[in-house]
J.: 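Structure provided below as structure tokens; questions to follow.
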Amino acid sequence: MFGCLVAGRLVQAAPQQVAEDKFVFDLPDYENINHVVVFMLGTIPFPDGMGGSVYFCYPDQSGMAVWQLLGFVTNEKPSAIFKISGLKSGKGSQHPFGAMNLPQTPTVAQIGISVELLENLAQQTPVASAAVSSVDSFTEFTQKMLDNFYNFASSFAVTQAQMTPNPSEAFIPANVVLKW
């Protein structure tokens, strides 16, 4: 039903089912993970009115499990990318995995998915630093491309004293590009 993807690693498509409505993925060497993608495989949809809360769990210094809500997936939003690199020093939140004794080792974190009512999902507040940038990828690409263009063009800058007249070349002042 669910899959989990970490860049540079194989896709995990077989979570461990720890209760009828709860699933976990192990994330070995979690200290070197920045983002996690959680997605539905498309084989089994959620029942009507249901979705899945996505949690990140890591062991604190004393070895106790710290659970943090990342967000959710639903039939209408079947995948999500979460930034987990800044969460390792945060504090935990309420979670539905509390009564379970999930094994914790110092280098293994877990992604937990709890199947819940959509009304409950709407009332939950994920940890703020887990959200990936809300700027769409085209806008972000365009901004970076234009920054790169300006840096490239300005690397050829010369002063007026260094200019040699050449009737076949046109010169555009750098401040025109900046104003644009």
Side-chain angles (χ1 to χ4, degrees), residues 1-138 140-141:
M1 181 173 197
F2 304 109
C4 180
L5 176 66
V6 174
R9 299 185 186 185
L10 293 173
V11 173
Q12 294 185 47
Q16 176 186 356
Q17 189 169 3
V18 294
E20 184 179 334
D21 59 348
K22 293 176 184 38
F23 305 84
V24 294
F25 291 100
D26 287 337
L27 299 176
D29 192 27
Y30 75 95
E31 294 91 353
N32 295 316
I33 298 173
N34 290 320
H35 294 83
V36 172
V37 179
V38 176
F39 57 94
M40 296 178 64
L41 297 175
T43 55
I44 303 171
F46 283 110
D48 288 339
M50 303 295 279
S53 292
V54 180
Y55 292 86
F56 174 61
C57 175
Y58 66 95
D60 66 7
Q61 289 83 6
S62 63
M64 297 299 295
V66 177
W67 289 89
Q68 295 177 325
L69 177 65
L70 300 177
F72 61 90
V73 291
T74 64
N75 291 335
E76 292 73 34
K77 183 185 170 235
S79 64
I81 301 171
F82 302 107
K83 181 178 178 185
I84 64 169
S85 58
L87 301 179
K88 297 162 192 135
S89 61
K91 64 179 195 174
S93 62
Q94 287 187 329
H95 59 87
F97 294 90
M100 297 176 200
N101 291 326
L102 300 176
Q104 289 293 309
T105 59
T107 60
V108 177
Q110 292 176 318
I111 292 292
I113 302 171
S114 174
V115 178
E116 300 174 15
L117 291 170
L118 289 176
E119 297 92 49
N120 294 348
L121 296 180
Q123 295 173 6
Q124 297 175 347
T125 306
V127 63
S129 56
V132 179
S133 172
S134 61
V135 177
D136 70 16
S137 60
F138 180 73
E140 187 176 357
F141 168 77

J.: Should L69 and P126 count as side-chain neighbours, where that means a heavy-atom distance under 4.5 Å?
T.: yes

J.: Is there a donor in the side chain of Q110 and an acceptor in the side chain of Q16, or the other way round, less than 3.5 Å apart?
T.: no

J.: Mind listing the closest non-hydrogen atom pair of I33 and R9 along with its distance?
T.: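 Closest pair (atom of I33, atom of R9, distance): CD1-NH1, 3.4 Å.
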
J.: To the nearest 0.5 Å, what is the distance between CZ on F2 and CD1 on I113?
T.: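 Between atom CZ of F2 and atom CD1 of I113 there are 4.5 Å.
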
J.: Taking all non-hydrogen atoms of both residues into account, name the closest pair between V38 and V73 and its distance.
T.: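 In this case the closest contact between V38 and V73 is O-CG1, 3.9 Å.
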
J.: Using 0.5 Å steps for rounding, measure from the CZ atom of F82 to the CZ atom of F56.
T.: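 If I round to the nearest 0.5 Å, the distance is 12.5 Å.
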
J.: Please evaluate residues F72 and L118 with respect to the criterion side-chain contact (heavy atoms from CB on, under 4.5 Å), reporting the C-alpha separation (whole Å), side-chain torsions for both, the decisive distance (0.1 Å), and the verdict.
T.: CA-CA 10 Å; F72 61 90; L118 289 176; over 6 Å; no

J.: If you take all heavy atoms of A65 and C57, which pair is closest and at what distance?
T.: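 Heavy-atom minimum between the residues: CB-SG, 3.6 Å.
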
J.: Counting only N and O atoms by type, is there a donor-acceptor contact under 3.5 Å from the side chain of N34 to the main-chain atoms of S85?
T.: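 Not a single qualifying donor-acceptor pair exists.
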
J.: I'd like to know whether Q12 forms a side-chain contact (heavy atoms from CB on, under 4.5 Å) with V6, so could you lay out the CA-CA distance, the side-chain angles of the two residues, the decisive distance to 0.1 Å, and finally the verdict.
T.: CA-CA 9 Å; Q12 294 185 47; V6 174; 5.6 Å; no

J.: For a quick test of reading the model, state the closest non-hydrogen atom pair linking M50 to V115 and the distance between them.
T.: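 What the structure gives for the nearest pair is CE-CG1, 3.8 Å.
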
J.: Are the side chains of C4 and F23 in touch, meaning some heavy atoms are under 4.5 Å apart?
T.: no

J.: Can you name the closest pair of heavy atoms from Y55 and S114 and give their distance?
T.: CE1-CB, 4.3 Å

J.: Would you name the heavy atoms of E116 and L121 that are closest together and state the gap between them?
T.: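 That closest heavy-atom pairing would be OE1-CD2, 4.1 Å.
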
J.: What's the spacing between M1 CE and T43 OG1 if we round to 0.5 Å?
T.: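 Going from the CE atom of M1 to the OG1 atom of T43 covers 8.0 Å.
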
J.: Side chain of E119, backbone of A122: donor and acceptor closer than 3.5 Å?
T.: no

J.: Walk me through whether V54 and I111 qualify under side-chain contact (heavy atoms from CB on, under 4.5 Å).
T.: CA-CA 7 Å; V54 180; I111 292 292; 3.9 Å; yes

